[in-house]
Structures are given as C-alpha cells and as structure tokens.
There are 2 protein chains.
Amino acid sequence: MPWPESRKQETRRKILKSAVTLFAKRGFNSVSLGDVMKDAKLTHGAFYAHFNSKQELYKEAVYAATEDSPLAEILRKSEGALSVDKIVSTYLSQDHVDQKFSPCPLAAFATDTPNQNGETKDAYTHVFQGMIDILESKTDGSITDRQSALSLAALLIGGVVVSRALNDQETIDELLAACISKAPQLLRQ
Amino acid sequence: MPWPESRKQETRRKILKSAVTLFAKRGFNSVSLGDVMKDAKLTHGAFYAHFNSKQELYKEAVYAATEDSPLAEILRKSEGALSVDKIVSTYLSQDHVDQKFSPCPLAAFATDTPNQNGETKDAYTHVFQGMIDILESKTDGSITDRQSALSLAALLIGGVVVSRALNDQETIDELLAACISKAPQLLRQ
DNA sequence: GTCTATAGGATGATAGAC
DNA sequence: GTCTATCATCCTATAGAC
C-alpha cells in the first residue's frame, strides 16, 4: 500500500512528466523552462524549488522516462519471459514514432544527449545498459548472446530515430516494416 | 576543367563547411550564427548576403554534408561495385563516431531534423533515399533486396547515434563490434 | 513552495557606412 | 559583400513578497 505522496513530490513528478513529453517531442534547446512549467500548470519561478538547473532537469527526465518506457510497460505487464516479437513490433510502431505513448528515452533523447554534460550522458548510458540487460536475460529464448542484444537495440533505436526525421510516409512505412521483418535475423548466432 | 569559382561562392562554401562541422558536433540550437561565421573567419553581419535564415543554412548544410559523407567518399574512390564490408566498417568506426572525418549527415543530423521545418526534413528524406538507392544498386552482390538495404541503414545510423550518446568506452566498443559482426545477417533473404 | 518581477546575457535578424 | 552597431526578443537564473 503506497503512502500518500507529499505535495512537493507530487509537483516534482508533474514537472518531470511535462519535461519528458516536451523534451522528447521538441528537443532540449527548443523547450524553455517556461514551457515546461506552463505545461505543468505552474509559473517558471517555482522551478528552482525542485531542480538546480535545466541540465539537472534533463538528466532526471531521462530516468523518469525510463520508468514509463515501452520496454518497462511490457516488462510490467508480462508474467514470465518477455516476447521479443512484442518488443520489436511495439518499438517499431508508428505510434511510437509519433509518440502516441510514452516513448523510449534511448530513441527520444539520443538526439540531445551527445551535447549534454557528463552526468546526463551517464544517465543515458545507464539506461542503455539496462535495456541490453533486459534483452539479454529477461526475454524468451530467442536472444542467446550479448551481440544479438546490442545490435537489436541499435536497429530498434536507429529505425525510430530515422523515421522521426523523415518527411515521407511511404518511406517511413517501408523502413519500419523492413526493420521488423529483418530483426529476427540479427538474433541468430 | 572547372571554372574558377566566384569569390562569393567560395565564401558561401566556407560558411557551409563551418556550419556542417559545428552543427554535426554540437547540434542546431547549440550553435549560433556568430559561431559559424567566426569559424569561417567572417563577421556575423555578412551571413545574410548568402542565406536568408539559420533554418535555410541548416537545410543547405544537410546537402553539403552529403557530398563529403563517408559513403560519397567510398563511392568516389571505388571502381566498379562498392564493398559492403568496407561501408559497414567505415561507418561503424570510432573515427566516424568521433567525427575525425566528415560524418554522414543521416547520423549527425538525425538528432535535430525532427524539430526542423518541412524543407529541411525533405532534404534529410532525399539524402536517406539516396543512401538506400546506393546500397541497393551500387554495391557488390551482397545486398539483394530493398528490405536489406533499409534495415542495414537503420543499424548503421542507430549504432553511430547511440555510440555518440554513450559515456562509457567499453560499451561503445562492444556496441560497434556487435553491429559490425551482425550486419551481414541482415542481408540474407 | 509558489508567485511576480527583473537582472544579465545571448541570439537571430536588420540598418547603414564603406 | 563585408563590416560595425544595434534592435528586439527570448531565456536561465535570482530576489523578495506572500
């Protein structure tokens, strides 16, 4: 039975939720703290009662996004081993590209992270290693070695990141279908 | 025999070269026009004699980067069919991740493009389709269908984009090696 | 803890001399 | 076409009332 969250933590969560959505859709530099706080129904002056800087917010947003990521959702709903097919088709879906549900931070934040400070890159690295661990050890028997997990992650993230940059629906459809169709071939030893 | 370039076009090329390097390394929003013009050894007031806006500069930079991309370089140096192995190992090299040579815009600009205007996304889309066409029709016999070309592109771009966001050299090494090792499996029909 | 107000700095874009 | 100077705006971060 969860204890009632303190009001401060509740507000912090609201800010983080807004930050995840906005950073994922428009990128770090295109989103101002005013935008985030407005989305969270607060004024921008209140921000610094919860975070020390915009950079720190971004780092925390990476972790927050991880908890709601598609992979975490699938993990939560599954009993026993995860289906790799389910992961692949969810990850490479048009809804994920369009961010109709809470997106994977590894794809959404791959964009900004290279330009962030060390702590933020550490956060990204940590989340990536977590994804590899899950693919390697929590899935059904179809992933048998670490190289399969690593290359599958690159294919999934690459497919989504490129799709988001494309402006032609036919090409996006082709690309997503090709990645879904070819993904199983990466898993052979 | 090429005609001597007019001075104006020479200056334009210098600006574009600086823009490609800086945008690729630090991203659209983290680079100011002052930064670009300073790198090109000009003052920022001169910018608007060559481009109408920063957005237009970015769009032109996507095309300019394509001409110096690793794939274009390999294409230029090759006689006859391109080696897919050579493309894969060049693309997924640490030097490409570190941008020691002129990077592929599909990886370097995947980061910013989703947040750009339609014309810029058109440019990215055009370059991507060009890459797929080259992989499909200009390489040795190892790529036999379009889905192979598309999924390989996603793996290459994903591998590089994620590597640039990571902060741990061991993980980067593992990831690049895994992608290189597994790439040929995507090409089987 | 949240608000309003503002400091302090950077930026995209323009004007006008040369 | 390139320069210097400047406008107008936006943004992160801080200060102080409540």
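Numbered from 1 within each chain, the chains take letters A, B, ... in sequence-line order. Computed from a prediction, not measured in an experiment: that's the story for all the values here.
- Direction of the helix axis in the helix from dG1(C)-dC18(D) to dC18(C)-dG1(D) shifts by 10° between the two five-pair termini, rounded to 10°.
- The nucleotide range of DNA chain C contacted by chain B, defined by atoms under 4.0 angstrom from heavy atoms of the protein and reported 5' to 3', is dT11(C) to dT14(C).
- DNA chain C is contacted by Val31(B), Ser32(B), Leu33(B), His44(B) of residues 24-44 of chain B, taking any non-hydrogen atom closer than 4.0 Å.
- Sorted by first and then second residue, the pairs that involve residues 102-138 of chain B and meet ring pair (Phe, Tyr, Trp, His ring centres under 6.0 Å), not counting sequence neighbours, are Tyr58(B)-Phe109(B).
- In this structure, Tyr48(A) has no ring pair (Phe, Tyr, Trp, His ring centres under 6.0 Å) partners at least two apart in sequence or on a different chain.
- In this view, Lys17(B) satisfies the side chain to side chain contact (heavy atoms under 4.5 Å, CB included) rule with no residue, not counting sequence neighbours.
- In this view, Ala64(A) and Leu16(A), Val20(A) satisfy the side chain to side chain contact (heavy atoms under 4.5 Å, CB included) rule, not counting sequence neighbours.
- The nearest heavy atom of DNA chain D to Lys8(B) and to Gly45(B) marks one nucleotide each, and the one closer to the 5' end goes with Lys8(B).
- Residues Leu152(B) and Leu75(B) fall within the same hydrophobic cluster, defined by Ile, Leu, Val, Met, Phe, Trp and Tyr side chains chained together at heavy-atom separations under 4.5 Å.
- With sequence neighbours excluded, no residue satisfies salt bridge (charged side-chain N to carboxylate O under 4.0 Å, His left out) with Asp140(B).
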Got a list of side-chain donor-acceptor pairs under 3.5 Å for residues 36-44 of chain A, not counting sequence neighbours?
| from | atom 1 | to | atom 2 | distance (Å) |
| --- | --- | --- | --- | --- |
| Asp39(A) | OD2 | Ser18(A) | OG | 2.7 |

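- Partners of Ala123(A) according to the side chain to side chain contact (heavy atoms under 4.5 Å, CB included) rule, which considers only residues two or more places apart in sequence or in another chain, are Lys59(A), Val62(A), Tyr63(A).
- Judged as a side chain to side chain contact (heavy atoms under 4.5 Å, CB included), and not counting sequence neighbours, the contacts of Ser53(A) are Gln55(A), Glu56(A).
- Of all the residues in residues 110-122 of chain B, not one reaches under 4.0 Å from DNA chain D with any non-hydrogen atom.
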Task: Chi angles and distances behind the side-chain hydrogen bond (donor to acceptor under 3.5 Å, both in side chains) call for Gln189(B), Ser148(B) - done: CA-CA 8 Å; Gln189(B) 258 188 325; Ser148(B) 293; over 6 Å; no
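- Put simply, CD on Glu56(A) is 14 Å from C1' on dA13(D), counting in whole angstrom units.
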- [ ] Apply the test side chain to side chain contact (heavy atoms under 4.5 Å, CB included) to residues His96(B) and Arg164(B): give CA-CA distance (whole Å), side-chain angles for both, the deciding distance (0.1 Å), then the verdict.
- [x] CA-CA 10 Å; His96(B) 188 206; Arg164(B) 290 197 178 126; 3.8 Å; yes
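- By the 30° and 60° cut-offs, the orientation of the rings of Phe28(A) relative to Phe23(A) is tilted.
- Atom CD of Glu170(A) sits in a sparse spot, with 12 or fewer heavy atoms from other residues, nucleotides or ligands closer than 6.0 Å.
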